[in-house]
There are 2 protein chains.
Amino acid sequence: MTGARRGGRPPLISRDDVVAAAIAIIDAEGLDALTMRGIGARLGVAAMSLYRHLPNRDAVLAAVVNRLVTEVVVDVPADARWPDALRALALGYREMLLRHPHAVPLLATQPVDVDTGMALAAPALDRSRAAGIGADDAVTAVQSVIVFVLGHALAQVGTPPGADDAPPAAPAGYYDRWFTAGLDAMIHGFTRTGDGP
Amino acid sequence: MTGARRGGRPPLISRDDVVAAAIAIIDAEGLDALTMRGIGARLGVAAMSLYRHLPNRDAVLAAVVNRLVTEVVVDVPADARWPDALRALALGYREMLLRHPHAVPLLATQPVDVDTGMALAAPALDRSRAAGIGADDAVTAVQSVIVFVLGHALAQVGTPPGADDAPPAAPAGYYDRWFTAGLDAMIHGFTRTGDGP
DNA sequence: ACCTGAACACCGTTCAAGT
DNA sequence: ACCTGAACACCGTTCAAGT
């Protein structure tokens, strides 16, 4: 009943193909290299064919963002408590960002679908209930952690391996240590059991 | 001795003019509307004249970022302690970001000159010494706070007043409350006097 | 229904030329 | 030294046409 397509030419490409090709180009050549003509070329199709599957370039970018967020793996052990669940969310999100460094500015800019965001946060939010945290407070903590992870990743990949005047190139573990310190501080601040001013 | 320009046609525009015009366009029409032709038009000059003062469009963007960061006002009272100095830095930086919402993605993407970043952080770092915090730890705290402020601002201005499908439009104080909670957590986490896990 | 080539209105940037 | 118009090699997107 739904979407019963009768007759007509069978499609050469799908919406998913377009999104996958876009991600491949971003990863390989960077965000600036992502053109409608380039996506078409990668799929062996004219650029104009893409408009049959997505309304415009912005829609491609939005779809890329949601696809990448969906691919985040949040590994929350069964016996994890609220602080550890927050940490697992942060680590999983950061892993995805560093796997797609050229896409980080996109993730920072394009809003994520509500459903996709909920699915990402769900494992952590589950543990907040067990810890007796109010729903609003839990959401605030999750969003704050995500925002820190994103901001930190932007700083880390901010001068991508394309710029000529890359600063002395921070030592290997520099960003990891900074990330851990910042995340620890935030999680500690959010999960302390209400003490003084 | 230095830069003694003798003879030649006097300049109609300066590098500063280009940067100021760029910021005006970004604030008024958004980042996408910032074109070399547009900047030229605003200054009553052909687009190609700009290349006499800045090497290319990316250089304009970099200059805009550094100009905006320079304009941040960090109000650290004379008797402020380390945690309050961190807070003042966060508030001042956020104020600038929300004054230039269309420029936030730029601030998130373009690296800031080392000198400009140092000047921004200096007042807070001063107070860290008085508090007996190690220099490295102080820098980590400052950078983490900045990264949180930036990430939060991205979330707040992420769906700018151009998008049609703006979500229910979060209630007025929503982002302010989230910001305060996240900042409090981070500052508390960074300034606690080293207790157990 | 899906794909295509040609065309339009833009970009950033280069170049040779003007004053 | 500084500014300019014309031109080049790109963009995203629309349109009328093909199968």
Side-chain angles (χ1 to χ4, degrees), chain A residues 1-22 25-26 28-65 102 105-106 109-110 162-164, chain B residues 1-22 25-26 28-65 102 105-106 109-110 162-164:
Chain A
M1 36 169 70
T2 69
R5 68 168 88 239
R6 43 189 167 110
R9 186 170 173 174
L12 284 181
I13 60 171
S14 69
R15 203 192 105 113
D16 273 7
D17 293 334
V18 177
V19 178
I25 292 173
I26 292 171
E29 307 173 55
L31 215 43
D32 291 344
L34 184 74
T35 67
M36 300 300 272
R37 284 168 168 88
I39 298 172
R42 181 172 274 261
L43 295 173
V45 121
M48 301 70 202
S49 310
L50 307 180
Y51 290 87
R52 190 66 38 179
H53 304 274
L54 286 151
N56 51 41
R57 188 176 186 269
D58 280 347
V60 176
L61 299 182
V64 165
V65 164
H102 287 125
L106 214 55
T109 291
Q110 300 275 336
D164 298 349
Chain B
M1 36 173 71
T2 67
R5 70 168 86 240
R6 45 190 166 110
R9 185 171 173 174
L12 286 180
I13 59 170
S14 70
R15 202 191 106 113
D16 274 6
D17 292 335
V18 176
V19 178
I25 292 173
I26 291 170
E29 306 172 54
L31 216 44
D32 291 342
L34 185 73
T35 67
M36 299 300 272
R37 284 168 168 89
I39 298 172
R42 180 172 274 261
L43 295 173
V45 124
M48 301 73 202
S49 310
L50 307 179
Y51 290 87
R52 190 66 37 179
H53 303 275
L54 286 152
N56 53 39
R57 186 174 187 270
D58 280 347
V60 176
L61 298 182
V64 164
V65 164
H102 287 125
L106 214 56
T109 291
Q110 301 275 334
D164 298 352

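Each chain gets a letter, A, B and so on, in the order its sequence line appears, and its residues count up from 1. Any value given below was found using the heavy atoms of this structure, including those in side chains, with hydrogens, waters and symmetry copies removed.
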Q: Measure the distance from CG on A/Leu54 to C1' on C/dC3 and round it to the nearest whole Å.
A: 15 Å
Q) When the distance from CD1 of A/Ile13 to C1' of C/dT4 is rounded to whole Å, what number comes out? A) 12 Å
Q) D/dA1 C1' sits how many Å from B/Leu12 CG, rounded? A) 11 Å
Q. Whole Å only: how far is the CG atom of A/Asp32 from the P atom of C/dG12?
A. 13 Å
**Q.** Spatial distance of atom CD (A/Gln110) from atom CG (A/Asp58) [nearest 0.5 Å]
**A.** 6.5 Å
Q: Grab the CE-P distance between A/Met36 and C/dC3 for me, whole Å please.
A: 13 Å
Q) D/dG12 P sits how many Å from A/His53 NE2, rounded? A) 17 Å
Q: Using atom CZ of B/Arg9 as one end and atom P of D/dA1 as the other, report the distance to the nearest whole Å.
A: 14 Å
Q | Interatomic spacing from CZ in A/Arg42 to CG in A/Leu34 - rounded to 0.5 Å | A | 10.5 Å
Q) Atom CD1 in A/Ile39, atom CG in A/Asp17: separation rounded to 0.5 Å? A) 11.5 Å
Q: Round to the nearest Å and state the distance from A/Arg52 atom CZ to D/dG12 atom C1'.
A: 17 Å
Q: Measure the shortest side-chain to side-chain distance between A/Ile13 and A/Arg52 over non-hydrogen atoms and say whether it is less than 4.5 angstrom.
A: no
Q. Which of residues 55-63 of chain B sit near DNA chain D, with a heavy atom under 4.0 Å from it?
A. none
Q.
Tell me which nucleotide, if any, is Watson-Crick or G-U wobble paired with D/dC11 when both distances must be under 3.5 Å.
A. none
Q.
With heavy-atom distances below 4.5 Å as the criterion, would you say the side chains of A/Leu31 and A/Pro105 are in contact?
A. yes
Q. Watson-Crick or G-U wobble partner for C/dA1, using a 3.5 Å limit on both distances?
A. D/dT19
Q | Approximate separation, where rounding is to 0.5 Å, of A/Leu61 CG and A/Leu106 CG | A | 5.0 Å
Q) Can you list, by residue number, the residues of residues 37-51 of chain A that have a non-hydrogen atom closer than 4.0 angstrom to DNA chain D? A) A/Arg37, A/Met48, A/Tyr51
